[in-house]
Protein chains: 2
Amino acid sequence: MSMKRKYHHGALKEALIEAALELLAEGGPAALSLSEAAKRVGVTAAAPYRHFASRDELLNEVARRGFLSFAAALEKGWDEGRPDAATAMWRMSAAYLAFARAEPGLYAAMFGSAASLAAEASADAADHALEILWRSVVAFLQLRGVSAQGARKLALQVWALAHGVAMLAVSGHLDAAKGLDPDPVLDTAIRNLMEAAVRRAESAAGPR
Amino acid sequence: MSMKRKYHHGALKEALIEAALELLAEGGPAALSLSEAAKRVGVTAAAPYRHFASRDELLNEVARRGFLSFAAALEKGWDEGRPDAATAMWRMSAAYLAFARAEPGLYAAMFGSAASLAAEASADAADHALEILWRSVVAFLQLRGVSAQGARKLALQVWALAHGVAMLAVSGHLDAAKGLDPDPVLDTAIRNLMEAAVRRAESAAGPR
DNA sequence: ACCTGAACACCGTTCAAGT
DNA sequence: ACCTGAACACCGTTCAAGT
């Protein structure tokens, strides 16, 4: 009756990815072991090499998928800018933080590769996330009636801010510092960034 | 004449830390191996255990020292706020980025531990870095003649911003996105953050 | 007190062999 | 085509011995 041990044909690749997500959740990127994933899935340590050229390739694939669900989470938070760009942007930044805090291991795998992994494939996925931020910044500027010039740069600043808060929150540097809740910290910072950008655009447009 | 192989008494611990820094520079945190450090220094793989209880403890010690020189770099950039807080703050943020870009491996070891390492000892060192940021934020607000209330929160936002830009720059997400130079991105973002904070404080103080 | 040598478990990776 | 078994190098860690 047990329908388990039939990885001898089909779903090994998917099963390994699932196991990798578990390992990531349990102990972060350092705990992602190809052997352990194979063991949990019921195959030999050599079996994964039919589907992944190396441990890093597994990690890359997991990170790539992480970026996909990350982008989906942002998109959902943005919700096409309803009811207005400002509110939606706040909701999206909360979704950003929520993702990182819910899956710190995955988030670390997505961004923690540092210089060790080029991760060309996941770069596209990351760019997709940036594009969502960019669209929301453009919408926000339009709502405020100013030029969307420099929106890309502004989107990068918002991203950096969210990323920084997320990292500090996950690594405990935030709570340790002052028992501060990451959400309002990120929220007011983004507001300030956007307000300053709007003012700058206004004074550039109407220098009466 | 070769004064090398006399690790049989004194400087093993220091030598291991130096080797660890090399490994970090070469391949990031993942490349920091206790065995390899021992080999480079000319001792057995078991020797380090007289000085460090585990690999993680070595990494922790290196990270702790990293925070020390990091704080020193920020302090030097700040230079007691000369000639004015605004200029000094810009210089300090440039020093922040320069540190991360000069030693990405070390920087990753300092912050990349994510949830895996509590790193209580290095938490103090990190707090010291935050304190420098905090002092500069206070000085900036004083220069602009507004209350320093909420300076800690603002300092955290500045930190998150700098950290985010540094990480994105190091991991290549920034250049890949648009060929943008990280320095002006961080600089204008911090300016915007500070300007918005000043305006908020002004409107709160003088509601005529 | 500080280090070596030998040992064990674990991991990444390869390859010849099985089905 | 997909997986097992055996093998190798490497790493973290422990411990009994050496000096």
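Every chain is numbered from 1 and lettered A, B, ... according to where its sequence line falls, protein lines coming before strand lines.
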| field | Residues A:R101 and A:D183 bridged, charged N to O under 4.0 Å | value | yes
| task | Round to a whole Å and report the spacing from CG of A:L23 to P of C:dC10. | result | 15 Å
| query | Between A:L32 (CG) and C:dG12 (P), how many Å, whole number? | reply | 8 Å
| field | Minimum side-chain heavy-atom gap B:F140-B:V198 below 4.5 Å | value | yes
| Where does DNA chain D pair, written as one dot-bracket string 5' to 3', with Watson-Crick or G-U pairs under 3.5 Å, ( ) inside the strand, [ ] for crossing pairs and | for another strand? | ||.|||||...|||||.||
| B:L34 has a side chain; which of C:dC3, C:dC11, D:dT13 sits nearest to it? | D:dT13
| message | Nearest whole Å is fine: how far is C:dT13 C1' from A:D56 CG? | response | 13 Å
| message | Can you measure A:R55 atom CZ to D:dC11 atom C1' for me and round it to whole angstrom units? | response | 14 Å
| query | Would you call A:E103 and A:R65 a salt bridge, using N to O less than 4.0 angstrom? | reply | no
Can you tabulate the close N/O pairs, meaning under 3.5 Å, that link protein atoms to atoms of nucleotides 14-19 of chain C?
none

| task | Please report, rounded to the nearest Å, how far the P atom of C:dC11 is from the CG atom of A:L59. | result | 15 Å
| message | Please compare B:A47 and A:E36 by the position of their nearest nucleotide in DNA chain C and report the one closer to 5'. | response | B:A47
| remark: Smallest heavy-atom separation, B:V137 atom then B:A151 atom, equals CG1-O, 3.8 Å
| At under 4.0 Å, does any side-chain N or O of B:S33 touch on OP1 or OP2 of D:dG12? | yes
| Nearest listed nucleotide, side chain of A:T44, among C:dT4, D:dT4, D:dG12 | D:dT4
| field | Non-hydrogen atoms of A:A73 and A:A95 that approach each other most closely | value | O-CB, 3.8 Å
| Charged N to carboxylate O under 4.0 angstrom, A:E195 versus A:R191? | no
| task | For B:L12 and C:dT4, give me the distance from atom CG to atom P, rounded to whole Å. | result | 8 Å
| Salt bridge flag under 4.0 Å for residues A:E18 and A:R40 | no
| request: Provide, to the nearest angstrom, the distance between the CG atom belonging to B:L58 and the P atom belonging to D:dG12. | output: 10 Å
| So, are B:K13 and B:E61 salt-bridged, with charged N and O less than 4.0 Å apart? | no
| query | Between B:E80 and B:R135, does at least one N-O distance fall below 4.0 Å, as a salt bridge requires? | reply | no
| Atom-to-atom span, NZ of B:K39 to P of D:dC10 - whole angstrom | 6 Å
| query | Between B:H51 and C:dC3, does any side-chain N or O lie under 4.0 Å from OP1 or OP2? | reply | yes
| task | Check whether any side-chain N or O of B:S35 sits under 4.0 Å from OP1 or OP2 of D:dG12, and answer yes or no. | result | yes
